[in-house]
*Asks:* 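Please read through the structure below; I'll follow up with questions.
Predicted model only: the values in this text are computed from it and were never measured.
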Amino acid sequence: MQPFFSQRFEKVEPSFIREILKVTTRPDIISFAGGLPNPNLFPVKAIEQACQQVLSEQGAAALQYATTEGYAPLRQYIAERYQTRWGMQVNPDHILITSGSQQALDLLGKVLIDEGQDLIIEEPGYLGAIQAFSVYQPEFRPITLGEEGLDLAALDALLESGTTARLLYGVPNFQNPSGVSYSRANRAALAERLIRHNLLMVEDDPYGELRFEGEAIDPVAKLAPENTVLLGSFSKTVVPGFRLGWMVVPAWLHQKVTIAKQATDLHSNAFSQQVLHRFLTTHSLDAHLEKIKAVYGRQRAAMEAALARHCPPSVRWTRPEGGMFLWLTLPESVCAMELFQVAIAEKVAFVPGAPFYVRPDIKNTLRLSFSCVDEATIEEGVQRLARALRKML
């Protein structure tokens with residue numbers, strides 16, 4: 001038949017990273033492209049035991065439909081962890097379990113975004129959020145992300161310009177793609193603006209537990225709880241295959257988001273929620289995280305050292321204190337998309353920075369992920385990347 005599509009979906013682009021990953025599956029390619037957790041750190045045996053225990057104790061009940069909001073003991077665990085880590089009083093009834101934080105973005109788009117409405121987003125910004133929100137056809141209003149966080153002067157100018165924006169999306173901890181974290185002062189100033197301008201922030205925090213150096217900083221949600229939806233995920237801390245995340249929503253938003261989820265999938269995978277809860281309550285999440293942070297910290301240090309040894313001095317990069325990514329800024333004469341093709345010939349892959357911008361005129365940035373490559377592989381991969389780069393200069 002003659003194909004036809006909704007106008008809403010005509011402008012939604014495929015995930016550039018997912019397309020790149022098809023290229024990087026070759027065994028001879030060293031890939032710094034995928035933002036994937038390290039599978040060597042998945043607690044396979046512990047998850048296997050948790051599965052057996054849940055099935056043995058719950059039987060068929062573990063496989064039944066469940067409530068939309070999610071498994072109550074798991075929501076209680078999340079609330080208690082916010083209390084323990086941050087001193088935040090979070091009502092478990094205001095936590096909604098989602099199919100990864102990506103579903104949370106989609107639900108919020110359904111409930112909060114009108115076609116043509118301004119939506120404030122970091123620049124560079126998380127590609128998954130850009131893709132998820134694009135379905136609802138907002139007008140993206142990018143605010144530059146610097147070493148301390150959002151450019152507050154630019155944000156003020158936008159908020160005072162008569163913008164229709166009611167929503168701001170950001171990743172304050174070890175941002176994807178840049179690795180940048182908002183400073184304490186930047187978060188406090190941002191929270192004040194959220195309250196003053198009646199603006200809602202979607203505070204996406206998939207990497208906050210992966211800090212391997214420096215001092216942890218309170219979430220923006222602690223400072224402006226009624227003006228923040230706080231997203232979390234178990235994909236980066238336990239296993240990604242369960243596709244389990246959550247959202248902490250203000251009371252005024254909870255019912256609408258719950259209705260949106262009912263209309264989408266009824267509930268997230270109930271068996272996985274029970275298995276995950278069993279793992280979390282029979283094992284120390286903090287001990288598990290220490291193993292991940294030790295590995296990622298070493299690999300981040302190895303990548304920084306290799307870049308310093310092999311890259312031209314005109315190349316700059318961020319120095320994250322956690323997370324999974326480094327962000328490189330190349331000389332303006334170098335197009336990262338063109339460099340990608342040269343790098344593939346040298347058998348190394350990365351993600352060009354252009355897809356992380358809603359403006360098409362920034363071409364000289366790229367993202368490197370250090371989470372799934374050991375130190376020796378990082379050294380070889382950076383040497384290959386440096387050879388490709390020298391061919392472009």
*Asks:* Using side chain to side chain contact (heavy atoms under 4.5 Å, CB included), reason through F340 and F350 one step at a time and then give a plain yes or no.
*Replies:* CA-CA 7 Å; F340 178 77; F350 58 84; 3.9 Å; yes

*Asks:* State, yes or no, whether a side-chain contact exists between F242 and N269 at a heavy-atom distance under 4.5 Å.
*Replies:* no

*Asks:* Going by an N to O cut-off under 4.0 Å, is there a salt bridge joining R193 and D156?
*Replies:*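 Counted as a salt bridge, because a side-chain N and a carboxylate O are separated by less than 4.0 Å.
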
*Asks:* Evaluate the ring pair (Phe, Tyr, Trp, His ring centres under 6.0 Å) criterion for residues F370 and F32: first the C-alpha distance (whole Å), next the side-chain angles of each, then the deciding distance (0.1 Å), finally the verdict.
*Replies:* CA-CA 6 Å; F370 50 78; F32 299 138; 9.7 Å; no

*Asks:* Does NZ in K347 sit with more than 12 non-hydrogen atoms of other residues, nucleotides or ligands closer than 6.0 Å?
*Replies:*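 Check fails, neighbour count at 12 or below.
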
*Asks:* Considering only NZ, NE, NH1 and NH2 on the basic side and carboxylate oxygens on the acidic side, decide whether E69 and R75 come within less than 4.0 Å.
*Replies:*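 Salt bridge: no.
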
*Asks:* Between E379 and R309, is there a side-chain N and carboxylate O pair less than 4.0 Å apart?
*Replies:*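 A salt bridge is present here (some side-chain N lies under 4.0 Å from a carboxylate O).
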
*Asks:* Tell me, do V229 and P250 make a side-chain contact under 4.5 Å, heavy atoms counted?
*Replies:* yes

*Asks:* With E148, which residues qualify under side-chain contact (heavy atoms from CB on, under 4.5 Å), at least two apart?
*Replies:* S183

*Asks:* Would a hydrophobic clustering, with Ile, Leu, Val, Met, Phe, Trp and Tyr connected at side-chain separations under 4.5 Å, put W246 with Y169?
*Replies:*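 Yes, it is one cluster - the side chains of W246 and Y169 are joined through contacts under 4.5 Å.
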
*Asks:* Is it the case that the side chain of Q273 and the backbone of S268 share a donor-acceptor pair, with hydrogens and angles ignored and the cut-off at 3.5 Å?
*Replies:* yes

*Asks:* Sort and list the pairs that fulfil side-chain hydrogen bond (donor to acceptor under 3.5 Å, both in side chains) and have at least one residue in residues 249-260, not counting sequence neighbours.
*Replies:*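 side-chain hydrogen bond (donor to acceptor under 3.5 Å, both in side chains) check on residues 249-260 returns no pairs.
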
*Asks:* Does a salt bridge link D114 with R166, judged by any charged N lying under 4.0 Å from a carboxylate O?
*Replies:*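 Result for this pair is yes, salt bridge flagged.
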
*Asks:* Please determine which of K391, R390, R384 meets the salt bridge (charged side-chain N to carboxylate O under 4.0 Å, His left out) test together with E346.
*Replies:*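 The residue from K391, R390, R384 that satisfies salt bridge (charged side-chain N to carboxylate O under 4.0 Å, His left out) with E346 turns out to be K391.
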
*Asks:* For R316, is the CZ atom crowded, meaning more than 12 foreign heavy atoms sit under 6.0 Å from it?
*Replies:* no

*Asks:* Could you check whether E338 pairs with K363 (Lys NZ or Arg NE/NH1/NH2 to Asp/Glu carboxylate O, under 4.0 Å)?
*Replies:*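 Looking at E338 and K363, the cut-off is not met.
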
*Asks:* Mind telling me whether Y357 and W327 have parallel, tilted or perpendicular rings, with 30° and 60° as the class edges?
*Replies:* tilted

*Asks:* Less than 4.0 Å between a side-chain N and a carboxylate O, is that true for R81 and E209?
*Replies:*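 A salt bridge is present here (some side-chain N lies under 4.0 Å from a carboxylate O).
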
